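Start at 1 and go down the list; that is how both ligands and their atoms are numbered. Remember, it's a predicted structure, so these values are computed and weren't measured experimentally.
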Amino acid sequence: MKVTAFNGSARMNGNTTILLNTVLEELREEGIETELVHLSELEIKGCTACYQCWNNKDQQCAVDNDDVNELVDKMVHSEGIILGSPTYFADITSEMKALVDRAGMVSKANEDMLKRKVGAAVVVARRAGSIHAFDSLNHFFFIGEMIVPGASYWNVGFGREIGEVAKDEEALGTMKTLGQNMAWLMKKIYSK
Ligand SMILES: Cc1cc2nc3c(=O)[nH]c(=O)nc-3n(C[C@H](O)[C@H](O)[C@H](O)COP(=O)(O)O)c2cc1C
């Protein structure tokens with residue numbers, strides 16, 4: 001069983017990474033393989049609305065001139081998907097939105113190919129807008145027939161400077177609970 005986490009932050013070692021790693025550590029303790037992918041290292045363009053994925057139905061984006069298909073492939077080969085983003089103007093980053101739009105459309109074009117995988121959203125903010133960003137990410141999971149576990153709070157943390165979120169004890173606790181609940185759910189769904 002594998003969980004792939006996608007980090008939509010522009011800062012590779014920023015607050016979103018800290019929260020994502022906290023969730024992933026719990027998953028690893030439960031024996032689940034994990035991978036963390038930083039969108040900032042990749043090229044991700046927006047959806048061109050060509051709708052060719054609906055004709056091709058090959059679980060890939062028809063516009064194959066950047067790194068999105070590699071990410072779509074990682075989603076297909078994971079039982080769990082975590083989308084993490086800082087809050088930018090009360091929403092997710094543009095790179096994460098591009099991934100959501102393109103992977104989401106490919107999934108719809110292929111009979112909800114991500115259905116019944118386990119999904120979770122993780123968000124960081126300096127002050128406000130995190131719940132809106134959290135909702136944005138959850139739209140991806142729910143329209144794709146994915147299953148979303150809860151935690152002891154919504155999966156958000158606070159911090160502005162790099163590393164500041166590590167002082168948000170409640171957020172770290174929420175991330176640990178999220179990792180445990182995600183592992184529990186994945187074992188229920190995928191263990192034979
Ligand atoms: C372009 C931009 C927009 C931002 N908008 C918000 C916002 O709407 N609300 C907020 O609380 N923080 C906002 N922030 C602050 C970041 O969410 C915050 O610094 C966060 O910790 C960054 O996460 P990272 O370290 O993973 O990059 C913004 C930062 C940037 C660069």
Side-chain angles (χ1 to χ4, degrees), residues 2-29 32-47 66-68 70-72 74-75 78 80-104 118-142 146 148-183:
K2 183 174 179 184
V3 170
T4 303
F6 299 87
N7 174 23
S9 170
R11 306 194 293 196
M12 246 184 83
N13 296 311
N15 294 315
T16 311
T17 300
I18 291 170
L19 291 190
L20 288 172
N21 275 330
T22 308
V23 184
L24 295 180
E25 207 174 300
E26 291 298 316
L27 288 160
R28 283 194 295 274
E29 272 184 28
I32 293 170
E33 188 190 339
T34 67
E35 184 179 354
L36 176 57
V37 179
H38 300 281
L39 303 193
S40 60
E41 292 187 303
L42 305 168
E43 192 185 4
I44 301 172
K45 297 178 191 161
C47 178
D66 62 9
D67 296 312
V68 162
E70 196 188 310
L71 302 181
V72 169
K74 284 184 189 294
M75 288 184 179
S78 303
I81 296 167
I82 303 177
L83 299 182
S85 180
T87 305
Y88 279 10
F89 282 82
D91 216 322
I92 57 179
T93 61
S94 44
E95 291 78 10
M96 180 56 79
K97 183 65 165 80
L99 177 62
V100 160
D101 291 347
R102 289 179 61 193
V118 175
V122 167
V123 172
V124 187
R126 178 188 73 84
R127 187 172 180 86
S130 58
I131 287 300
H132 186 254
F134 181 67
D135 291 346
S136 290
L137 293 175
N138 277 311
H139 292 317
F140 174 81
F141 303 128
F142 286 119
M146 293 178 66
V148 178
S152 43
Y153 195 81
W154 299 298
N155 313 331
V156 299
F158 288 95
R160 176 172 62 184
E161 304 308 328
I162 288 176
E164 212 177 312
V165 80
K167 291 188 237 154
D168 184 346
E169 293 285 342
E170 187 176 352
L172 297 180
T174 302
M175 298 305 141
K176 286 182 187 171
T177 307
L178 175 64
Q180 289 155 13
N181 289 347
M182 197 166 181

Kindly give the heavy-atom pair with the smallest separation between Leu99 and Ile44, and that separation in Å. N-CG2, 4.1 Å
Shortest non-hydrogen contact from Leu20 to Phe6? CD1-O, 4.1 Å
Tell me whether Pro86 has any N or O atom under 3.5 angstrom from an N or O of ligand 1. no
Atom 26 (O) of ligand 1: which protein heavy atom is closest, and how many Å away? Thr16 OG1, 2.6 Å
Heavy atoms of other groups near Lys45 NZ, more than 12 under 6.0 Å: yes
What are the two closest heavy atoms between Thr34 and Arg28, and how far apart are they? OG1-NH1, 2.8 Å
Please report which non-hydrogen protein atom sits nearest to atom 3 (C) of ligand 1, along with the residue it belongs to and the distance in Å to one decimal place. Tyr88 CA, 3.5 Å
Check this for me - ligand 1, Glu161, N or O atoms closer than 3.5 angstrom, yes or no? no
Any nitrogen or oxygen of Ala90, side chain or backbone, less than 3.5 Å from one on ligand 1? yes
Minimal heavy-atom distance between Gly8 and Glu95, with the atoms involved, is O-OE1, 4.4 Å
Taking the side chain as every heavy atom from C-beta outward, state whether Leu137 and Met96 have any pair of such atoms under 4.5 Å apart. yes
For atom 6 (C) of ligand 1, which of Val156, Val123, Thr87, Asp91 has the closest heavy atom? Thr87
Closer than 4.0 angstrom: is that true for some heavy atom of Val124 and an atom of ligand 1? yes
Would you say Ala128 has any N or O atom under 3.5 Å from an N or O of ligand 1, going by distance alone? yes
Between Leu178 and Glu26, is there a side-chain heavy-atom distance shorter than 4.5 Å? no
Could you tell me, atom by atom, which parts of ligand 1 come under 4.0 Å of a heavy atom of Asn15? 21 (O), 24 (P), 25 (O), 26 (O)
Identify the closest protein heavy atom to atom 11 (O) of ligand 1: which residue and atom is it, and at what distance? Arg127 N, 2.5 Å
For ligand 1, is Ala10 a contact, meaning one of its heavy atoms is under 4.0 Å away? no
State, with a plain yes or no, whether a side-chain heavy atom of Tyr88 is found less than 4.5 Å away from one of Ser94. no
Tell me if the CD atom of Glu35 is crowded by more than 12 foreign heavy atoms within 6.0 Å. yes
Protein contact to atom 19 (O) of ligand 1 [nearest heavy atom, distance to 0.1 Å]: Arg160 O, 3.0 Å
Short list, please: which atoms of ligand 1 are under 4.0 Å from a heavy atom of Gly159? 18 (C), 19 (O), 20 (C), 21 (O)
When only distance counts, is Ser9 in polar contact with ligand 1, meaning an N/O pair under 3.5 Å? yes
Test item: Asn155 and Val123 side chains (from C-beta on) under 4.5 Å apart, heavy atoms: no
Note: ligand 1 atoms sitting under 4.0 Å from heavy atoms of Phe89 are 3 (C), 4 (C), 5 (N), 6 (C), 7 (C), 8 (O)
Which residue and atom name correspond to the protein heavy atom nearest atom 12 (N) of ligand 1, and how close is it? Arg126 N, 3.2 Å
